[in-house]
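Below is one structure; the comments refer to it alone.
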Amino acid sequence: MSGPGRKAFTLVELLVVITIIGMLMALLLPAVQSARESGRRASCQNNQRQLATALLIYVNDQGQFPGYRNRIALPNATNYVVGNWVVPLLPSLERADLYRNWQTGTTTAVYLKVLVCPSDPPDTTTQPWLSYVANCGRPDSNLVEPTSTPQANGVFFNHDVTISATSRPPTMSLDYLSQNDGAATTLMISENIDATYWTDINEVQVGFNWEPTDSLRVNVPNARGTYPRPSSYHPGGVIVSFCDGHQQFLRDNISPVVYKHLMTPNSAAAAAAAGQSWPPLSEGDF
């Protein structure tokens, strides 16, 4: 019961207050979501910076990029285990303990935060999830090209092959990049929401591709198990790393030709091998 001279809110006043609160919340929520996404994007970019740095350390030590599949020799020198492009980077990611396990044949698989985009969080951290994939160029199964120029099409190749005097897998070096389209305009790694585990070794699981048909584009839906493309849950595009080590937010509305340019270390040779001719790339295109 109200005391003398005390007036309660009327229904109209109460509705006005509720409306004002609702309007303030509507204004505040996008700002909160934007700040949250900004933090996630920064974290994803930092993850890729660590991976790109580890890759360039490997390249400086070995003179070439790792394959998307690699043979890791065991102590007896006659057997090996196969690991993807992530495994050789483990020492530079401060997980030399895991790499030593792989070198002895124990393919230890654990969750590593640096390999997971916070905008693509897993349901559980009990599996070796992977958000980032390597530039594998044209899909191996569809590759029709002069055998003398496989490097024109991508950066990471299948190194799980027997090496002989007449048969060696293609490799990619910084020298090749600098003598052709350049490391700063050649993609190295990207996000892919359909990537699987960092212990997997198949091209569709740990890499991303391009195709002459323009069927593979940034963030365009693609059935799981088919040739992968850059994709993320970041609005408007994906975070990628280039072969010189820098990161960039790649818009998902870039043209298919620009995408193919960025995928290929030697665009002219790659286009010719695909029976196409692409206009020159302008840095303003992406």
Side-chain angles (χ1 to χ4, degrees), residues 52 55-56 58-60 62-70 85 133-161 163-190 192 202-204 206-218 220 222 226-230 238 240-246 248 250 254-286:
L55 276 163
L56 291 179
Y58 180 94
V59 173
N60 287 331
Q62 303 296 324
Q64 63 186 38
F65 284 85
Y68 73 80
R69 290 169 67 119
N70 305 276
W85 62 274
V133 288
N135 176 1
C136 295
R138 289 186 68 182
D140 281 356
S141 60
N142 281 7
L143 202 55
V144 179
E145 60 184 358
T147 56
S148 60
T149 59
Q151 294 92 339
N153 290 283
V155 176
F156 295 77
F157 304 97
N158 182 6
H159 289 180
D160 178 23
V161 297
I163 298 175
S164 67
T166 58
S167 177
R168 291 179 176 273
T171 61
M172 178 55 60
S173 68
L174 291 176
D175 285 342
Y176 182 92
L177 290 166
S178 66
Q179 292 166 13
N180 290 282
D181 291 1
T185 55
T186 303
L187 291 173
M188 178 164 59
I189 55 177
S190 171
N192 181 10
N202 293 323
E203 186 179 26
V204 298
V206 299
F208 64 109
N209 302 119
W210 68 274
E211 273 281 73
T213 60
D214 301 339
S215 59
L216 299 179
R217 300 177 62 181
V218 177
V220 173
N222 189 45
T226 60
Y227 302 123
R229 82 296 185 209
V238 299
V240 296
S241 295
F242 287 80
C243 289
D244 66 344
H246 86 272
Q248 184 171 328
L250 193 66
I254 64 169
S255 76
V257 172
V258 170
Y259 174 65
K260 289 187 286 190
H261 266 294
L262 298 180
M263 287 287 292
T264 51
N266 186 338
S267 298
Q276 299 179 340
S277 177
W278 307 335
L281 176 70
S282 168
E283 292 185 9
D285 291 338
F286 62 100

Validation row: Pro139, Glu211 side chains within 4.5 angstrom (heavy atoms): yes

Could you check whether any side-chain heavy atom of Arg229 comes within less than 4.5 Å of a side-chain heavy atom of Asn192, counting everything from C-beta outward? yes

Interatomic spacing from CD in Gln151 to OG1 in Thr171 - rounded to 0.5 Å: 6.0 Å

Residues Asn209 and Glu203: side-chain donor-acceptor under 3.5 angstrom: yes

CG (Asn70) and CG (Asn158) are apart, to the nearest 0.5 Å, by 9.0 Å

Restricting to non-hydrogen atoms, name the atom on Ala152 and the atom on Ala270 that form the minimum distance, rounded to 0.1 Å. O-CB, 3.6 Å

Kindly indicate whether the side chain of Arg69, heavy atoms from C-beta on, has any atom under 4.5 Å from the side chain of Asn202. yes

Please report the shortest heavy-atom distance between Gly245 and Ala52, naming the atom on each side. O-CB, 4.0 Å

Keeping the roles fixed (side chain from Thr186, backbone from Ala183), state whether a donor-acceptor pair exists under 3.5 Å. no

Sub-3.5 Å donor-acceptor pair from the side chain of His261 to the main-chain atoms of Pro279, do we have one? yes

When rounded to the nearest 0.5 angstrom, what is the spacing between CH2 in Trp210 and CG in Asn153? 5.0 Å

Would you say Val155 and Cys243 make side-chain contact, with heavy atoms under 4.5 Å? yes

Closer than 3.5 angstrom, by distance alone: can the side chain of Asn180 be matched with the main-chain N or O of Pro265 as a donor-acceptor pair? no

Taken to the nearest 0.5 Å, the spacing of Arg138 CZ from Leu216 CG works out to 11.0 Å

Met188 side, atom CE; Asn135 side, atom CG - distance, nearest 0.5 Å: 10.0 Å

Run through Phe157, Phe156, Tyr176, Trp85 and flag the one making a ring pair (Phe, Tyr, Trp, His ring centres under 6.0 Å) with Phe65. Phe156

Counting C-beta onward and ignoring hydrogens, is there a side-chain heavy-atom pair between Asp160 and Pro169 closer than 4.5 Å? no

Spacing of Ser190 atom OG and Phe242 atom CZ [to the nearest 0.5 Å]: 9.5 Å

Residues Leu281, Leu262; criterion side-chain contact (heavy atoms from CB on, under 4.5 Å); working and verdict: CA-CA 9 Å; Leu281 176 70; Leu262 298 180; 3.9 Å; yes

Could you check if a side-chain atom of Met172 sits within less than 4.5 angstrom of a side-chain atom of Gln64, using non-hydrogen atoms only? no

Counting only N and O atoms by type, is there a donor-acceptor contact under 3.5 Å from the side chain of Asp244 to the main-chain atoms of His246? yes

